Amino acid sequence: MERRSFLKASAALGCAATVTGCKTSSDDANVNPPEPPVTDEVQSWSACLVNCGSNCPIKVFSRDGVITRVEADNETTDEYGYNHQIRACARGRSLKQRTYAPDRLKTPMKRIGKRGEGKFVPISWDEAASTIASELSRITNEFGNRSILKLYGSGAYYGFASSSCFNRLLNLNGGFLNIYGNYSWAQQTEAAAATWAGGSTNGSSMVCVEDSDLFLGIGYNPSEMRQSGSGEGYDFLQAIQKNPSIELIMVDPRYTDSMAGKEDSWHAIRPGTDAVFAEAIAYEMISSGWVAQNSKSFLDKYCVGYDRESLVKTKEEFEASGDATKLEYAKHIDVEENYHDYILGVGKFSEPKTPKWAATICGISESNIKNIARKIMNARAPYIITGAGVNRHANGEQAMRACYMLPFLTGKVGQAGVNNGAIPVQGGMRKSSMSGLSNPVKESISFFTFSDAIERGHEMTARKDGVRGMEDLDTPLGHDVKAIFAINSNSLINQHSDSNGTHKILEDDTKCELIVVADCWMTPSARYADILLPDTSWLESNDLIDNSYATGLMGYLVAMKAAVDPMWECKSMYDMCGEIAKKMGVYGEYSEGKDEAAWLDQLYEGTRGQSTSADAIPPLPSTYEEAQKIGVFRSFNGSKRIALDSFINEGKALGTPSGKVEIYSLSFAQKAAEWEFNDEVKGDYITALPKYQQTWEGFDDEESLEDYPLQLMGFHTKGRTHSSYHNVPWLREAVEDAVWMNPQDAYARGLAQGDKVHVWSKRGTIEVPVRITPRILPGVAGLGQGAWYQPDPNGRVGPSGHVVDIGGCINTLTRYQPSPVAKGNPQHTNRVQIAKA
């Protein structure tokens with residue numbers, strides 16, 4: 001705001017506060033003409049593009065180039081299932097504070113201290129672009145394109161000016177090393193692929209709950225995970241309100257906001273033991289004869305691996321096929337390794353998975369397990385769902401698969417009101433996107449193994465490390481990662497496991513020689529940059545965005561219009577990549593002769609032609625400029641989409657090796673035989689059957705029990721999405737960053753409510769307040785993930801022997817150990833000790 005405008009606004013506010021003193025007669029007005037009125041606010045539409053799964057629209061009001069306030073969508077008559085409002089949560093409503101946060105990056109900068117110290121000096125865009133182009137050329141020529149990595153990042157789900165701009169840039173340089181998977185769903189994606197193929201984690205839509213009589217949620221918490229007015233949490237509330245007779249059973253170590261009196265029963269389970277719970281229910285269903293009487297024909301027709309006969313039949317069919325791929329799978333089929341025998345403890349198996357056995361491990365009583373099993377068997381249409389938190393453990397792939405078994409054992413998957421165990425399929429409108437161009441590099445590593453690839457990328461293989469795209473299992477990747485582009489990503493240090501260990505890898509600039517960070521704020525990861533590029537915030541951006549990947553049943557588009565011009569020296573990612581492209585001599589190929597406005601016009605026209613836009617309310621106008629004036633376009637998808645409907649009811653084969661649901665996964669059997677694992681790491685192996693895996697630092701890991709008696713689980717809070725929004729003080733006040741402890745554990749340690757405590761593992765120490773609550777299971781502690789890593793600047797050392805992290809980042813405590821199949825993150829598997837600081 002200009003000084004003159006500020007003074008006028010101040011005068012007007014002063015008059016408003018003292019009306020009598022500012023009031024003048026008409027004669028006074030003739031003598032002293034009043035100043036022109038303060039400019040009215042201008043309203044535009046933007047969106048909160050954080051990675052919660054929804055891109056909620058935001059109404060932005062500005063005056064004289066300054067954002068004055070924001071509001072959520074309140075435009076419609078708010079009829080659920082037709083035009084209900086897409087009301088942003090507290091995060092979206094704090095966007096003014098986030099946009100003007102003191103740690104906004106304002107100018108390009110280069111590092112002058114050690115990596116991680118956060119010492120930078122401003123530089124020009126010309127110097128930043130020249131340095132990046134020059135270093136990119138040097139590293140490519142010296143080490144090859146597979147030494148360049150664009151890090152996984154989810155700090156912003158832009159539409160147009162997104163990280164795909166960097167894809168274009170790096171592909172015009174000859175490509176870069178790909179990544180697969182993500183921190184949220186890596187293991188459940190592999191579990192779904194092994195069970196029904198395609199990597200789809202979609203289950204029946206939430207509206208199907210109207211036809212259900214039993215809801216079993218295992219680690220399912222949409223009211224905190226998907227809390228916007230368009231999100232899955234709202235659909236969940238609507239679904240159970242429309243079906244008041246449905247019985248709601250929730251299984252979770254914490255009593256979450258998704259319960260809060262809505263549930264019929266809560267069963268607190270120990271972290272990482274979900275498979276034990278599922279196996280005990282399966283035991284009741286099989287041993288009682290219920291499966292034989294009610295669902296055996298379903299299992300024989302649609303599944304592979306329930307019993308020995310099923311595997312014998314599949315093996316014989318594959319051996320007789322003459323198909324080389326099937327012949328290879330057949331080699332690894334062990335017909336004695338079947339689910340029926342495993343659960344009952346017969347044949348090659350000696351331990352039945354009884355509720356009594358399970359109760360000592362998972363913490364849910366024998367009687368309660370039997371009761372839940374009876375309810376599942378008696379249910380007409382059970383909707384069973386497993387949340388993504390179950391997959392973020394050291395045994396996540398198998399824990400998810402074990403829980404997926406329960407719906408299939410009922411024999412009712414494919415029927416109205418029944419789910420396959422996966423998270424519900426969402427609604428959605430879709431936009432056209434700018435191509436990131438083709439990547440000549442075909443090799444990829446797991447998103448989680450980038451820190452490994454910095455130190456030993458040259459030796460990483462498919463057999464040992466899950467590298468994809470290689471000639472064979474033993475061909476090494478051949479290059480260490482020498483350049484990292486972290487785009488809207490705090491995964492470089494904060495969201496990755498073992499923050500202290502990762503710090504040691506990153507601070508050595510002889511290993512990874514170039515780190516470029518593009519972001520809006522000085523995040524913990526930004527402190528490790530060699531070159532920092534200041535991005536424009538969402539409220540400074542023109543863009544066309546869709547509803548993202550977990551909006552619930554309400555799909556929408558938002559035609560964003562910048563409320564203010566880019567501040568300071570910030571540039572959109574399209575423009576910053578354009579500057580680098582010019583220095584690389586590829587600007588023509590990069591831009592294709594179009595500026596930002598021309599790209600948006602083209603992408604908008606492509607969006608209008610998509611089928612999901614046909615029923616938009618209101619209809620999409622002819623131009624992007626007109627769309628910006630309207631702002632929000634919505635389309636609710638209330639159809640009852642039933643999981644695996646096309647397979648079960650239409651006879652279309654699945655993409656698994658057998659074409660059926662695989663209780664015994666043929667692909668896992670092959671990997672188990674061909675891949676190499678670390679025998680020194682407890683639980684580092686693959687099985688074809690979904691089995692409970694004891695793991696390092698799990699509940700029953702005796703090696704860590706004495707020194708670290710508490711299991712620590714992470715959870716998502718309403719004050720952040722992952723690490724985004726941590727720098728907004730309003731949200732830190734609303735959602736306390738404290739470690740949850742059961743009174744039994746807290747009082748045994750002499751702790752009182754609000755005490756500052758040290759939480760430590762082998763890998764680090766954090767300092768946070770304690771929240772003593774019966775809403776968490778004894779023996780378990782809980783901490784909201786995403787707090788910003790901040791080693792004490794005074795160098796205080798904690799009980800672990802490391803500098804205390806006063807930021808309270810849970811990943812200061814977590815272990816870097818890729819999971820067996822997905823090579824994904826096991827960040828809910830931890831053992832810790834807690835004491836008063």
Side-chain angles (χ1 to χ4, degrees), residues 181 183 186-191 194 218-219 253 269-280 337 342 349-351 353 357-358 360-363 386 388-405 446 448-449 452 463-466 497-498 501 665 667-714 761-763 779-780 813-832:
Y183 287 87
Q187 299 188 64
Q188 76 179 43
T189 299
E190 294 300 323
I218 306 172
I269 190 170
R270 293 184 179 120
T273 66
D274 306 274
V276 171
F277 167 73
E279 289 173 3
E337 185 92 352
Y342 168 67
F349 302 102
S350 59
E351 184 174 43
K353 308 307 177 186
W357 161 81
T360 62
I361 301 171
C362 73
T386 308
V390 174
N391 99 116
R392 290 187 287 272
H393 286 272
N395 56 10
E397 294 99 341
Q398 295 293 31
M400 294 299 295
R401 292 198 74 227
C403 294
Y404 288 162
M405 293 302 103
S446 163
F448 188 61
T449 60
D452 250 354
R463 192 185 301 278
K464 293 182 179 180
D465 307 287
S497 282
D498 188 7
S665 169
S667 63
F668 274 21
Q670 185 176 35
K671 289 181 173 70
E674 295 181 347
W675 286 13
E676 291 184 11
F677 306 95
N678 188 342
D679 293 336
E680 297 180 2
V681 177
K682 187 178 181 181
D684 190 32
Y685 63 91
I686 299 174
T687 67
L689 285 180
K691 295 180 180 179
Y692 170 61
Q693 288 177 289
Q694 294 183 354
T695 69
W696 49 268
E697 297 191 29
F699 164 72
D700 39 19
D701 178 37
E702 295 180 358
E703 292 181 13
S704 57
L705 179 61
E706 183 175 351
D707 293 333
Y708 306 101
L710 296 170
Q711 286 185 274
L712 176 67
M713 59 170 290
S761 70
K762 297 177 182 179
R763 295 160 290 275
V780 178
L813 311 173
T814 59
R815 174 175 174 170
Y816 175 79
Q817 177 60 55
S819 66
V821 184
K823 307 305 179 187
N825 50 312
Q827 285 163 290
H828 292 336
T829 298
N830 308 286
R831 297 203 72 105
V832 299

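Just so it is clear, the values below take in all heavy atoms, side chains as well, and ignore hydrogens, waters and symmetry mates. Just so you know, these numbers come straight off a predicted model, no measurement behind them.
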Considering only heavy atoms from C-beta outward, does the side chain of Cys362 approach that of Arg270 to under 4.5 Å?
-> no
Side-chain touch Ile218/Val390, heavy atoms, less than 4.5 angstrom | yes
Take atom CD of Glu703 as the centre, draw a 6.0 Å sphere, and report whether it contains more than 12 heavy atoms from other residues, nucleotides or ligands.
-> no
Could you list the residues that satisfy ring-ring contact (aromatic ring centres under 6.0 Å, His included) with Tyr342, not counting sequence neighbours?
-> Phe349
Salt bridge (charged side-chain N to carboxylate O under 4.0 Å, His left out) involving Lys671 - partner list, sequence neighbours excluded = none
Heavy-atom closest pair, residues Ala186 and Ala822 = O-CB, 3.5 Å
Only counting residues at least two apart or in another chain, list the ones meeting ring-ring contact (aromatic ring centres under 6.0 Å, His included) with Tyr685.
-> none
Report the distance from atom CD1 of Ile686 to atom CD of Glu190, rounding to the nearest 0.5 Å.
-> 9.0 Å
Where the side chain of Gln693 meets the backbone of Gly396, is there a donor-acceptor pair that is under 3.5 Å apart?
-> no
Donor-acceptor contact below 3.5 Å, side chain Ser704 vs main chain Arg831 | no
Correct closest heavy-atom pair for Pro271 and Pro253 would be CG-CG, 4.1 Å
Could you tell me which non-hydrogen atom of Lys823 sits nearest to which non-hydrogen atom of Asp465, and how far apart they are?
-> CG-O, 3.6 Å
Could you tell me whether Lys691 and Glu337 have a side-chain N and a carboxylate O separated by less than 4.0 Å?
-> yes
Can you name the ring-ring contact (aromatic ring centres under 6.0 Å, His included) partners of Tyr816, sequence neighbours left out?
-> Phe448, His496
When you check the gap from the basic side-chain N to the acidic O, do Lys682 and Asp701 get nearer than 4.0 Å?
-> yes
What pairs with Asp684 under salt bridge (charged side-chain N to carboxylate O under 4.0 Å, His left out), at least two apart in sequence or on another chain?
-> none
State the CG-NE2 distance between Asn825 and His393, to the nearest 0.5 angstrom.
-> 11.0 Å
With sequence neighbours left out, write down each residue that passes side chain to side chain donor-acceptor pair (under 3.5 Å) with Ser761, or none if nothing qualifies.
-> none
Could you grab the distance from atom CZ of Phe699 to atom CG of Leu705, nearest 0.5 Å is fine?
-> 8.0 Å
Asn678 side, atom CG; Lys464 side, atom NZ - distance, nearest 0.5 Å = 10.0 Å
Any Tyr708 side-chain heavy atom under 4.5 Å of Asn830 side chain = no
Distance, nearest 0.5 Å, that separates CD1 of Ile361 from CG of Asp700 = 6.0 Å
Please name the pair of heavy atoms, one in Ala688 and one in Phe668, separated by the smallest distance, quoted to 0.1 Å.
-> CA-CB, 4.1 Å
By side chain to side chain donor-acceptor pair (under 3.5 Å), which residues pair with Gln711, not counting sequence neighbours?
-> none
How long is the span from the OG1 atom in Thr386 to the CE atom in Met405, to the nearest 0.5 Å?
-> 10.0 Å
Partners meeting side chain to side chain donor-acceptor pair (under 3.5 Å) with Gln187 (sequence neighbours left out) | none
Partners passing salt bridge (charged side-chain N to carboxylate O under 4.0 Å, His left out) against Arg463 (at least two apart in sequence or in another chain) | Asp474
Close side-chain approach of Gln398 to Met400, heavy-atom, < 4.5 Å | no
Excluding sequence neighbours, so at least two apart, what forms ring-ring contact (aromatic ring centres under 6.0 Å, His included) with Tyr692?
-> none
Is any side-chain heavy atom of Arg815 less than 4.5 Å from a side-chain heavy atom of Thr829?
-> no
Would you say the side-chain atoms of Glu279 pair up with the backbone N or O of Ala402, donor to acceptor, closer than 3.5 Å?
-> no
Please confirm whether the backbone N or O of Ala388 pairs with a side-chain atom of Asn391, one donor and one acceptor, at under 3.5 Å?
-> yes
Minimum heavy-atom separation for Pro820 to Phe677, with atom names?
-> O-CE2, 3.9 Å
Who are the salt bridge (charged side-chain N to carboxylate O under 4.0 Å, His left out) partners of Arg763, not counting sequence neighbours?
-> Glu697
Side chain to side chain donor-acceptor pair (under 3.5 Å) partners for Ser819, two or more places apart | Glu397
